[in-house]
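What follows is a single structure, written as structure tokens, with notes after it.
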Amino acid sequence: MAGSSHIFQAPKGTRDFDPPNMALRLHLEKAWRDASIRHGFEQIDGPTFEHLDLYTVKSGEGIVSELFSFKREGGDTDYALRPEFTPTLARMAASKGRSLSLPTRWFAMPDLFRAERPQRGRLREHRQWNVDLLGAPGPDADAEVIAVALTALRTLGLSQSDIRVRISHRGAAAGLLSACGVSDDSMADAFSLVDRREKIPADQFAEQAAAIGLDEAGVRRLDDIASSRIAATNAPGTIAEQHGLPSETVADLEALARELEKRGLLEFCDWDLGIVRGLAYYTGTVWEIHDAAGDFRAIAGGGRYDELVQLFGGPAIPACGFGMGDVVLGLVLQERGLLGDQLSDLLPRPDVFLVSSGTDDAEEHLVPLATSLRELGMHVRHTWKSTRNVGKQLKEASSNRSRFAVILGEELANNTVVAKNLDAGTQVDVELGDLPIWLQRQLAESEAAELQ
RNA sequence: GCGACCGUAGCUCAGGGGUAGAGCACCUGGUUGUGGUCCAGGAUGUCGCGGGUUCAAAUCCCGUCGGUCGCCCCA
């Protein structure tokens with residue numbers, strides 16, 4: 001790396017977005033925004049940093065080591081770069097108080113920060129799509145936010161063979177766990193154990209299960225429940241039956257199943273009571289979206305948190321929602337071959353590349369023609385190199401994937417230019433005055449052809 | 001914060017004490033007005049950075065910064 005001794009490196013866990021990578025980010029954000037809007041959600045945002053207290057009040061002091069926090073020079077107030085958006089959302093909802101018209105459907109695409117060691121799919125700065133439905137307590141709301149997430153993922157080309165929604169429910173899982181012999185006091189520990197079951201050896205699992213008061217049979221049932229994942233096309237009651245429990249234990253999941261079915265989404269979903277999602281603030285449905293093979297971290301995670309707004313000093317507003325980060329999603333799309341041969345294919349294609357052969361007449365026409373075509377809304381480029389070699393200019397036009405090239409040269413004496421379709425390789429002479437209309441028609445045709 | 005592995009051309013990587021390498025990309029020419037193919041030629045590096053050992057370090061040692069993977073944690 002030339003002269004790298006004096007070149008600054010980007011901070012650990014951050015990314016530079018060169019044009020192809022920026023195109024990828026915009027590609028994801030467009031899918032997110034379009035899906036949100038199609039489902040009737042409205043975009044919000046908040047500050048990139050908040051008072052440190054906003055994050056410690058809910059999670060305790062332990063979270064501070066995972067935050068980028070700071071004081072103003074000479075100031076006393078502690079701030080932190082936002083590690084998640086939900087506290088900001090809850091703060092906004094709480095501060096609007098009763099003037100907030102409910103139900104409210106909000107989405108955001110914040111930049112988030114965490115001070116942890118980067119790993120695959122986890123960086124120190126990332127972009128996350130957040131969708132929240134406030135003031136709707138029913139399973140239709142849970143199903144609706146899952147639908148929004150899937151709309152975006154399907155827009156990006158992912159199908160039910162690529163991704164799975166793994167759904168659990170705090171109440172249903174707790175019911176099954178208490179039937180295994182887990183006491184109410186040990187419930188949090190039991191959830192934590194369920195969450196870690198794939199990371200720890202079987203003997204440790206049994207040991208820790210025994211520590212929360214389970215007998216041998218109870219340990220076995222706990223393990224069964226935690227690792228039972230079945231297609232959502234099966235009624236949730238079958239899970240309860242498998243463990244010899246009444247189907248009322250999973251009544252909430254039955255209601256959710258009906259709502260998912262109305263939206264045609266059961267095929268994308270699995271019932272998976274091993275999904276826990278931390279322990280923070282979820283109160284009902286909890287779910288994650290994973291790649292079908294399970295090779296990556298969760299693409300998205302969400303659920304119901306009916307007490308959160310109240311926790312931040314607002315009225316009691318039932319709420320549900322999810323977050324989806326750009327990092328894992330990008331990895332999954334790449335792995336599934338849904339980003340084209342190279343990222344630069346996601347860059348906007350120029351409609352027209354103007355080529356001047358270098359004659360005085362051509363040079364005079366170049367910029368005015370570019371200006372008038374741009375006024376018609378076209379993406380117009382010409383070379384910024386000094387060469388007037390037509391071959392080199394055409395090479396530049398094709399390397400940036402221009403749809404048409406227009407060559408300005410000797411023909412201008414007859415008020416004519418050469419218009420070339422760079423995809424088809426065909427070219428025709430066009431009257432200079434007819435060029436804008438001709439191009440508009442050709443571009444409309446090629447756009448229609450691409451949509452088929 | 002802890003552990004393991006890695007850092008060589010724009011990119012992907014080989015080389016492992018003695019003159020710095022390949023493929024792709026790039027540039028030039030074949031073609032001074034026709035691209036994506038082909039042929040021929042060409043340029044490119046403080047071998048991440050700093051220090052140490054050595055006659056000699058890309059190579060060995062220490063440190064540091066970055067990357068990857070795991071632990072912790074997960075919003």
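In what follows, every chain begins at residue 1, and chains take the letters A, B, ... in the order their sequences are listed.
- Nucleotides B/A56 and B/C73, compared at atom C1', are 49 Å apart to the nearest Å.
- If you check every strand for non-hydrogen atoms under 4.0 Å, A/Arg122 touches a base.
- In this structure, CZ of A/Phe191 is placed 15 Å from P of B/C74, rounded to the nearest angstrom.
- Comparing B/G30 with B/U37, their C1' atoms are spaced 14 Å from each other, to the whole Å.
- Comparing atom distances between the A/Pro118 side chain and each of B/G33, B/U34, B/U68 picks out B/U68 as nearest.
- Distance noted for atom P between B/G23 and B/C60: 26 Å (whole Å).
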Please test A/Arg170 against A/Asp142 for salt bridge (charged side-chain N to carboxylate O under 4.0 Å, His left out), starting from the C-alpha separation and ending with a verdict. CA-CA 13 Å; A/Arg170 278 294 165 80; A/Asp142 294 286; over 6 Å; no

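- In this entry B/A20 has no Watson-Crick or G-U wobble partner, no candidate having both defining distances under 3.5 Å.
- Pair assignment for B/C69: B/G3, on the basis of Watson-Crick or G-U wobble contacts that are both within less than 3.5 Å.
- Across all strands shown, the partner of B/C38 is B/G30, judged by Watson-Crick or G-U wobble contacts whose two distances both fall under 3.5 Å.
- Using a 4.0 Å cut-off between a side-chain N of Lys or Arg and a carboxylate O of Asp or Glu, A/Asp252 and A/Arg304 do not qualify as a salt bridge.
- A salt bridge between A/Asp423 and A/Arg349 is present, with a side-chain N of the basic residue lying under 4.0 Å from a carboxylate O of the acidic one.
- Taking a pair to require two hydrogen-bonding distances under 3.5 Å in either a Watson-Crick or a G-U wobble arrangement, B/A9 remains unpaired.
- A/Glu411 comes within 4.0 angstrom of a base, heavy atoms only.
- For the pair A/Arg105 and A/Glu144, the salt-bridge criterion is not met [side-chain N within less than 4.0 Å of a carboxylate O].
- Residue contacts for A/Gly323: at a heavy-atom cut-off of 4.0 Å it reaches no nucleic acid atom on any strand shown.
- Checking B/G63 for Watson-Crick or G-U wobble geometry (two distances, each under 3.5 Å) identifies B/C49 as its partner.
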Would you list the protein and nucleotides 23-31 of chain B atom pairs, both N or O, that sit under 3.5 Å from each other?
from	atom 1	to	atom 2	distance (Å)
B/U28	OP2	A/Lys392	NZ	3.4

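- Taking every side-chain heavy atom of A/Arg120 into account, B/C69 is the closest of B/A75, B/G70, B/C69.
- In this pair, A/Trp129 and A/Phe322 present their aromatic rings perpendicular. The plane angle is above 60°, beyond the 30 to 60° band.
- Closest to the A/Val418 side chain, of the nucleotides B/C73, B/U34, B/G36, is B/U34.
- Salt bridge status for A/Asp53 with A/Arg91: absent, with no side-chain N to carboxylate O gap under 4.0 Å.
- Judged by closest nucleotide on RNA chain B, A/Leu123 is the one of A/Leu123 and A/Asp195 placed further toward the 5' end.
- Comparing B/G42 with B/A9, their C1' atoms sit 14 Å apart, to the nearest whole Å.
- Residues A/Ser357 and A/Glu410 have side chains that never bring a donor and an acceptor to within less than 3.5 angstrom of each other.
- No engagement by A/Gly321 is indicated, since no non-hydrogen atom pair under 4.0 Å with the nucleic acid exists.
- Rounded to whole Å, the separation between the C1' atoms of B/G45 and B/U19 comes to 15 Å.
- With B/G35, B/A75, B/G67 as the choices, the nucleotide that has an atom nearest any side-chain atom of A/Lys12 turns out to be B/G67.
- Nucleotide B/U44: unpaired (no Watson-Crick or G-U wobble partner with both distances less than 3.5 Å).
- When the P atom of B/G35 is taken as reference, atom CZ of A/Arg401 falls 20 Å away, rounded to whole Å.
- Look at CD on A/Glu66: it is 13 Å from P on B/C72, rounded to the nearest Å.
- Rounded to whole angstrom, the span from the CH2 atom of A/Trp129 across to the P atom of B/A75 amounts to 18 Å.
- For the pair A/Phe113 CZ and B/C73 P, the computed distance is 24 Å after rounding to whole Å.
- With rounding to whole Å, A/Glu125 atom CD is found 13 Å from B/G67 atom P.
- No hydrogens or angles were tested; on distance alone, nothing pairs the side chain of A/Arg117 with the base of B/C73 as donor and acceptor under 3.5 Å.
- With hydrogens and angles ignored, no donor-acceptor pair under 3.5 angstrom links the side chain of A/Gln119 to the base of B/U68.
- As judged by a 4.0 angstrom heavy-atom cut-off over every strand, A/Glu410 is placed among the base-contacting residues.
- Remark: P of B/A75 and CG of A/Leu89 are 16 Å apart, rounded to the nearest angstrom.
- Judged by Watson-Crick or G-U wobble contacts below 3.5 Å, the nucleotide B/A14 has no partner.
- Look at CZ on A/Arg297: it is 13 Å from P on B/C74, rounded to the nearest Å.
- Classified by interplanar angle (parallel below 30°, tilted 30° to 60°, perpendicular above 60°), the ring pair A/Phe404/A/Trp438 is perpendicular.
- One finds the CG atom of A/Leu24 at 9.5 Å from the CD atom of A/Glu29 (value rounded to the nearest 0.5 Å).
- B/G3 and B/C62 are spaced 14 Å apart, taking the P atom of each and rounding to whole Å.
- In this structure, A/Leu158 CG and A/Leu150 CG are separated by 10.0 Å, a value rounded to the nearest 0.5 Å.
- Within 4.0 Å (heavy atoms only), A/Asp423 reaches at least one base atom of the nucleic acid.
- Among the heavy atoms of the strands, none lies under 4.0 Å from A/Gln393.
- Looking at heavy-atom distances under 4.0 Å, A/Gly358 makes no contact with the nucleic acid at all.
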